[in-house]
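Reading through the structure tokens given below for one structure.
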Amino acid sequence: MDADGDLVHGYWLTTADANGTVRATGLLGGLIGAHTVRRLELPAPTMHPALLRQLLLPVVCDAIGVPRTRQQWAERFNRGRFSDAEAAQLTEYLGPRYGNRFRLFDDKRSFAQVAGLEALNGETKSAAQLVPSIASGNNVPLFSSLTEGDELLLTPGQALLWLLHAHCWDTASIKTGATGDPQAKNGKTTGNPTGPLGQLGVTVPVGRNLFETLMLNTPVMPDGLDPADRPQWAWDERSVSLGWKSPACPEWSSRPAGGLLDLLTFQARRIRLFPCETEQGLRVHRVIVCAGDRLVRTPEWDPHTAWSHTAKPKAGQPQRRPRRHVSGRSAWQGLGTLLALELPVGGDGPYTSVLLRQAGDLWAERALPEHYPLSAEICGLEYGTQSAVVENSIGDSLPLPVAALLAEDDGLRDVILQCVRQADQVGRALDNLNNDLRRASGGEPLPREKGQRPSSRFLHSLDATMRRLLTGLRTVGEDDDLLERAELAWELSVRAAAVREAEALIAAAPPRAVVGRTEKVNGKEVVYRSGKAIGIFHKKLAEILTQVAWQGSGDEKAAA
């Protein structure tokens with residue numbers, strides 16, 4: 001990348017092809033050759049949606065337009081790559097039209113920054129302020145390779161990625177007051193929300209290559225893009241009547257999203273990067289991060305989040321609110337949300353993302369191949385103490401049978417959700433067994449939300465099994481016999497894993513658990529002993545894993 005930080009032609013984007021060969025490319029080369037890119041090499045799971053939303057997707061949508069019908073979407077997708085005409089549109093967009101606006105260190109119009117931004121106190125901060133995993137200010141991760149006193153040198157490419165990441169995921173901590181911002185007081189700005197993605201349960205559909213991923217993340221819009229909707233690098237083309245502040249100035253405003261392009265490239269911070277020359281070349285070592293635009297409300301057409309639907313919301317609250325991912329759970333444990341294709345009728349519940357619903361509709365119209373290997377990536381940040389620090393990062397990916405996203409046919413979806421419910425129910429049965437053994441041994445049950453529970457180990461042991469199941473169900477089609485065998489194989493795996501965990505719990509119980517003890521529960525005497533606890537567990541296991549239980553009873557009758 002040159003001294004201006006040319007994003008269009010500079011080699012800052014690291015990609016890997018189907019053979020695993022890693023290459024560096026620029027924005028234009030990466031998009032035109034997107035069909036050859038198997039994956040993007042990025043430093044964190046939360047970087048993928050940030051790069052998609054802040055740069056790749058809005059460039060494609062603005063340059064060549066969004067499909068207005070599913071047929072148009074299918075025609076573009078089935079070509080498997082950008083056509084010569086679309087490549088020419090991208091080249092013109094990133095060349096004569098806007099090419100000079102994609103420069104990281106431009107003196108007058110630096111990309112996604114405020115050129116000449118200054119702090120009221122005249123200070124700059126370490127580039128570590130952009131990287132959540134490195135100690136900076138109040139954000140002090142438990143395992144950080146650097147302290148705040150160490151100098152962090154970011155290559156221009158790294159600095160760009162973390163710049164985009166900050167616009168999407170930055171914490172809600174107090175921000176440096178900017179010179180020229182009338183809302184800054186005492187050298188700082190308070191009341192900042194997290195970046196827009198920090199308030200969502202981000203879900204990104206992923207295809208076999210970057211081109212397919214871009215298409216899967218492109219919504220079909222019957223009316224097309226609003227002509228007044230502009231990305232952040234074309235802010236000067238927005239109507240002045242809106243009264244919104246330019247993202248290239250230190251002032252900011254609280255406002256709604258003006259359309260898809262505006263939402264994707266929303267500038268939640270005012271930032272300036274400071275480069276320096278080193279022996280290794282140009283590096284970014286200092287930054288200023290100030291308050292930026294505040295999104296009044298996440299629109300219901302945001303493509304990358306699932307929702308919590310409330311039948312009777314409180315006054316002033318919307319019916320649908322973004323549904324965040326739960327820390328400490330695998331993605332498949334949240335399939336109940338990812339596969340929630342219909343709004344709950346007369347009650348509260350989850351509702352899946354716009355793009356996953358669209359994928360099911362496209363598959364129904366054969367716009368997607370019958371056995372298409374769709375994957376879903378989920379990611380998020382878990383914030384602590386008034387969302388001012390990052391406590392945990394959430395990132396996972398799982399294969400997703402597209403047929404399960406078909407609203408009109410819930411057979412496959414019901415089977416998948418039943419498998420998830422079974423795993424959860426067996427996990428709870430193991431926790432109950434553990435509590436009963438603790439009582440029989442003279443102890444007390446584990447306090448709620450404290451200590452390591454057997455269900456956590458058990459569910460972790462099922463992770464690979466569930467992923468194999470989901471991969472296999474991609475090709476099950478209408479073969480009911482194959483689906484039934486898959487269900488049985490799943491139940492057998494669940495039962496084997498549960499019995500192993502139960503046996504480990506029994507082996508760890510002291511001898512006194514055999515004799516047990518008696519307690520009064522709600523005025524009645526209840527006997528707790530290990531033998532009784534095991535009997536209750538196996539009875540519950542048979543009630544949950546019905547196919548295995550039925551097969552076992554059939555074998556016993558045959559033997560008799």
Can you name the residues that form a ring-ring contact (aromatic ring centres under 6.0 Å, His included) with F458, not counting sequence neighbours?
none
Approximate separation, where rounding is to 0.5 Å, of L405 CG and L355 CG
11.0 Å
Please check: side-chain N/O of T305 versus main-chain N/O of L200, any donor-acceptor pairing under 3.5 Å?
no
Could you tell me whether the side chain of R324 and the main chain of V202 form a donor-acceptor pair under 3.5 Å?
no
Heavy atoms of other groups near E342 CD, more than 12 under 6.0 Å
no
Can you tell me if CD on Q386 sees more than 12 non-hydrogen neighbours from other groups inside 6.0 Å?
no
R81 NZ/CZ over F211 ring centroid, <6.0 Å and within 45° of normal
no
Which distance, rounded to the nearest 0.5 Å, do you find between the OG of S455 and the NE2 of H460?
13.5 Å
Where do L459 and A423 come nearest, in terms of heavy atoms and distance?
CD2-O, 3.7 Å
Is a side-chain N or O of K532 found less than 3.5 angstrom from the main chain of V527, in a donor-acceptor match?
yes
Check for me whether R366 meets the cation-pi criterion with W363, that is, NZ or CZ under 6.0 Å from the six-membered ring centre and within 45 degrees of the ring axis.
yes
Any luck finding a side-chain donor-acceptor pair between S254 and R294 under 3.5 Å?
no
N-O pairing of E41 and R39 below 4.0 Å
yes
Basic-acidic side-chain contact under 4.0 Å: R255, D262:
yes
Partner set under side chain to side chain donor-acceptor pair (under 3.5 Å) for D424, not counting sequence neighbours:
R428
Ion pair present between R329 and D396, side-chain N to carboxylate O less than 4.0 angstrom?
no
Do you see a donor-acceptor pair shorter than 3.5 Å between the side chains of Q54 and H167?
no
Check this for me, if you would: do R457 and E501 make a salt bridge, where the nitrogen-to-carboxylate-oxygen distance has to be below 4.0 angstrom?
yes
Just list the side-chain donor-acceptor pairs under 3.5 Å for residues 216-223, sequence neighbours left out, or say none.
unit_1 : atom_1 : unit_2 : atom_2 : d
N217   : OD1    : H304   : NE2    : 2.7
N217   : ND2    : P205   : O      : 2.9
N217   : ND2    : T213   : O      : 2.7
T218   : OG1    : L214   : O      : 2.6

Charged N-O contact under 4.0 Å between R269 and D170
yes
Taking distance alone, no hydrogens or angles, what donor-acceptor pairs closer than 3.5 Å link side-chain atoms of residues 374-385 to residues at least two apart or in another chain?
unit_1 : atom_1 : unit_2 : atom_2 : d
S375   : OG     : R474   : NH2    : 3.3
E377   : OE1    : H48    : ND1    : 2.8
E382   : OE1    : S327   : OG     : 3.0
Y383   : OH     : W169   : O      : 2.7

Output all residues satisfying side chain to side chain donor-acceptor pair (under 3.5 Å) with S330, sequence neighbours left out; order by chain, then residue number.
D463
Consider only side-chain N and O atoms of Y351 and R357, and report whether a donor and an acceptor are under 3.5 Å apart.
yes
Name all residues meeting the side chain to side chain donor-acceptor pair (under 3.5 Å) criterion together with Q422; count only those two or more places apart in sequence or in a different chain, and write none if there are none.
W490, E491
N-O pairing of D302 and R297 below 4.0 Å
no
Verdict with supporting geometry, L400 and L470, side-chain contact (heavy atoms from CB on, under 4.5 Å):
CA-CA 6 Å; L400 199 60; L470 291 172; 5.6 Å; no
Q358 side chain to V354 main-chain N or O, any donor-acceptor pair under 3.5 Å?
no
